[in-house]
Amino acid sequence: MKKGGLESRSLWLSILSEKGLEKEFSKQALMDIHEYENKPKKSIVDYLSLLLLQQQYYYHFTNNSAEDGIIQIQKTVEALNAYVQVLKLRMLCEVRHLKTVLPDECLIAHLIETLNTHNFSNVIDSPLPTLYNELRLLLETNDFKQFDKFTSLISKNAQKINAKELDEFLLFINSFLSTISRKSQTSEEMDKTHELNKIALRNKIFFLQGTMRVAHFLNIVTAACKVKDFKWAVHFAASCKYLLPASDREDAFALAMGITHFEKKEYHLLYDLVKNIESKEIYIQIRVRSFLVVCHYELDTDMDLKEYSMNFKAYLKRNLKLKPYKETVRSILNMVDIVKLLILENTPKQQIEDQINSCGSLTFKEWLIDKVKKYKKR
């Protein structure tokens, strides 16, 4: 009752109506409705709140005239249509995203058809429905021009929508980018990913949950480094390291700094940093050993790289069955196979290039391409 939110307001209106205090009920209800009509709609819940208050007033107020009754019906219909429009847009985005990850036999196509029966030609001129409509168009077209338009709108309207809604938008478009660019990882796509991460950090989205997965943390640093925004990468890592599990925090942060050294081709600094990481967390171990393969190849170390690569490959295959790391492991396995060809120096250069281009997901692809350019068969 004392919190002043929708529930307490609705409860108080119910009490006034139940006690027959019609004048007080109408006065309070109209004040609440006026407040919700005029305040910015930052989340879908804001549209629902206005609808519920308007519906409660419509059901319980006493008509002074037929015209008064029609006005309240009209206002309730407007609130209903606004809520239905933004909710259907949200659902359509969700279903179109799920279509990319669920098997064809699911009833996704029917759901899309059902939701598309709504006329979205006149979307409410407000940030939230506008953004959901633009996201809908992006997921329908897979057009990077639409992506740029949507990202620009997100940047412009980030402060006008609820942080949770913003988080949802960023999850949607990160998933879109992952689906589109999982195999290509072009610099343009990395730049788009980095722009999204900058929006998220600027609006404190990473801090909503209070935690962050190590893989997500390192992927964000990687995207920043791929587009040479090293200053931001270090700033992000320092700002968000405290969201990581305490047991992995320092190792993950060191690995993040290692990523910056790798992209700057500072292999001595990379080696000095990662050789002392002894985390038992499998994902960190995999990333560390991957960097050590690079370091042993680039630097004059005492390590037998051929033997090290064979042992690493066996370690990767043991962990291939672990679902969270499956795609990562497969990508690194492809990298190790190509490094082995480079070490042995008995495979034609064109054959190695063909393998790089055909193996799909590949860790350190740009680095491998650079190594092949300098490769000579014995």
Side-chain angles (χ1 to χ4, degrees), residues 6 35-52 78-101 108 111-181 188-209 216 220 223:
L6 174 67
E35 179 184 333
Y36 274 79
E37 280 178 332
N38 287 285
K39 79 174 190 176
K41 308 295 188 297
K42 292 191 170 187
S43 73
I44 292 178
V45 174
D46 289 337
Y47 286 90
L48 176 61
S49 299
L50 176 59
L51 171 61
L52 292 175
E78 289 171 358
L80 174 63
N81 286 339
Y83 173 63
V84 168
Q85 186 183 80
V86 72
L87 183 62
K88 280 197 169 184
L89 281 167
R90 169 68 172 78
M91 287 179 169
L92 192 53
C93 292
E94 179 96 20
V95 172
R96 284 205 169 275
H97 165 63
L98 290 174
K99 189 175 186 293
T100 65
V101 296
I108 297 293
L111 271 175
I112 291 174
E113 185 179 345
T114 302
L115 290 166
N116 267 329
T117 57
H118 191 98
N119 182 11
F120 296 119
S121 58
N122 294 308
V123 173
I124 303 164
D125 186 19
S126 185
L128 193 63
T130 298
L131 284 167
Y132 271 121
N133 192 48
E134 293 299 329
L135 177 60
R136 171 185 71 89
L137 294 172
L138 171 62
L139 297 174
E140 285 177 4
T141 62
N142 289 339
D143 185 354
F144 272 133
K145 288 183 179 178
Q146 178 64 23
F147 179 95
D148 291 336
K149 180 182 178 183
F150 180 65
T151 306
S152 175
L153 281 171
I154 282 281
S155 296
K156 190 186 299 181
N157 293 286
Q159 298 298 321
K160 298 177 183 177
I161 58 177
N162 181 276
K164 180 61 179 169
E165 296 281 358
L166 180 57
D167 185 35
E168 290 291 316
F169 281 125
L170 294 174
L171 284 172
F172 270 124
I173 45 186
N174 269 309
S175 297
F176 163 80
L177 276 178
S178 297
T179 302
I180 294 296
S181 63
E188 181 187 7
E189 289 154 3
M190 277 293 176
D191 187 61
K192 293 179 187 301
T193 300
H194 179 51
E195 284 303 313
L196 298 181
N197 292 332
K198 284 165 65 178
I199 293 170
L201 183 62
R202 191 161 59 242
N203 292 281
K204 303 186 186 313
I205 296 302
F206 297 127
F207 301 93
L208 283 179
Q209 302 297 328
H216 189 200
I220 290 169

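From a predicted model like this one, the values you see are computed outputs, not experimental measurements. We use all heavy atoms of the structure for the numbers below, so side chains are in, but hydrogens, waters and symmetry mates are not.
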Stepwise, does the side-chain contact (heavy atoms from CB on, under 4.5 Å) test hold for Leu196 with Phe147? CA-CA 11 Å; Leu196 298 181; Phe147 179 95; 4.1 Å; yes
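- Contacts classified as side chain to side chain donor-acceptor pair (under 3.5 Å) and involving residues 194-204 (residues at least two apart or in different chains) are given here: Gln159-Asn203, His194-Asp229, Glu195-Lys198.
- Distance check, rounded to the nearest 0.5 Å: CG of Leu89 to CD1 of Ile44 gives 8.5 Å.
- Distance check, rounded to the nearest 0.5 Å: CD of Gln146 to OG1 of Thr141 gives 5.5 Å.
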Donor-acceptor list for residues 125-132 side chains, cut-off 3.5 Å, not counting sequence neighbours:
unit_1: Ser126; atom_1: OG; unit_2: Tyr47; atom_2: OH; d: 3.4
unit_1: Thr130; atom_1: OG1; unit_2: Ser126; atom_2: O; d: 2.8
unit_1: Tyr132; atom_1: OH; unit_2: Arg90; atom_2: NE; d: 3.2
unit_1: Tyr132; atom_1: OH; unit_2: Glu165; atom_2: OE1; d: 2.7

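- Contact between Leu138 and Asp143 at its shortest, heavy atoms only, is CD1-O, 3.5 Å.
- Minimum interatomic distance between Phe150 and Glu134 (heavy atoms only, all atoms of both residues): CD1-CB, 3.8 Å.
- Taking both residues in full, the closest heavy atoms of Thr193 and Ala223 are given as CG2-CB, 4.2 Å, listed atom of the first, atom of the second, then distance.
- Minimum heavy-atom separation, Ala163 to Ile205: O-CD1, 3.4 Å.
- Checking side-chain atoms of Glu37 against main-chain N and O of Leu50 turns up no donor-acceptor pair under 3.5 Å.
- With sequence neighbours excluded, no residue forms a side chain to side chain donor-acceptor pair (under 3.5 Å) with Asp46.
- Residues forming a salt bridge (charged side-chain N to carboxylate O under 4.0 Å, His left out) with Asp148 (at least two apart in sequence, or on another chain): Lys192.
- In this structure, CG in Leu166 is found 9.0 Å from CG in Asn162, a value given to the nearest 0.5 Å.
- By the 4.5 Å heavy-atom criterion applied to side chains, Gln85 and Asn81 are not counted as neighbours.
- Remark: Leu201 CG to Ile199 CD1 distance equals 11.5 Å, nearest 0.5 Å.
- Heavy atoms only, all atoms of each residue included: Leu170 and Ala200 are closest at CD1-CB, 3.5 Å.
- Atom-to-atom distance recorded for Leu48:CG and Leu87:CG is 8.5 Å, nearest 0.5 angstrom.
- When the salt bridge (charged side-chain N to carboxylate O under 4.0 Å, His left out) test is applied to Lys160, no partner is found at least two apart in sequence or on another chain.
- Here the CD-CD1 distance, from Glu168 to Ile161, works out to 10.5 Å after rounding to the nearest 0.5 Å.
- Every residue meeting the side chain to side chain donor-acceptor pair (under 3.5 Å) condition with Glu35, not counting sequence neighbours, appears here in chain and number order: Arg9.
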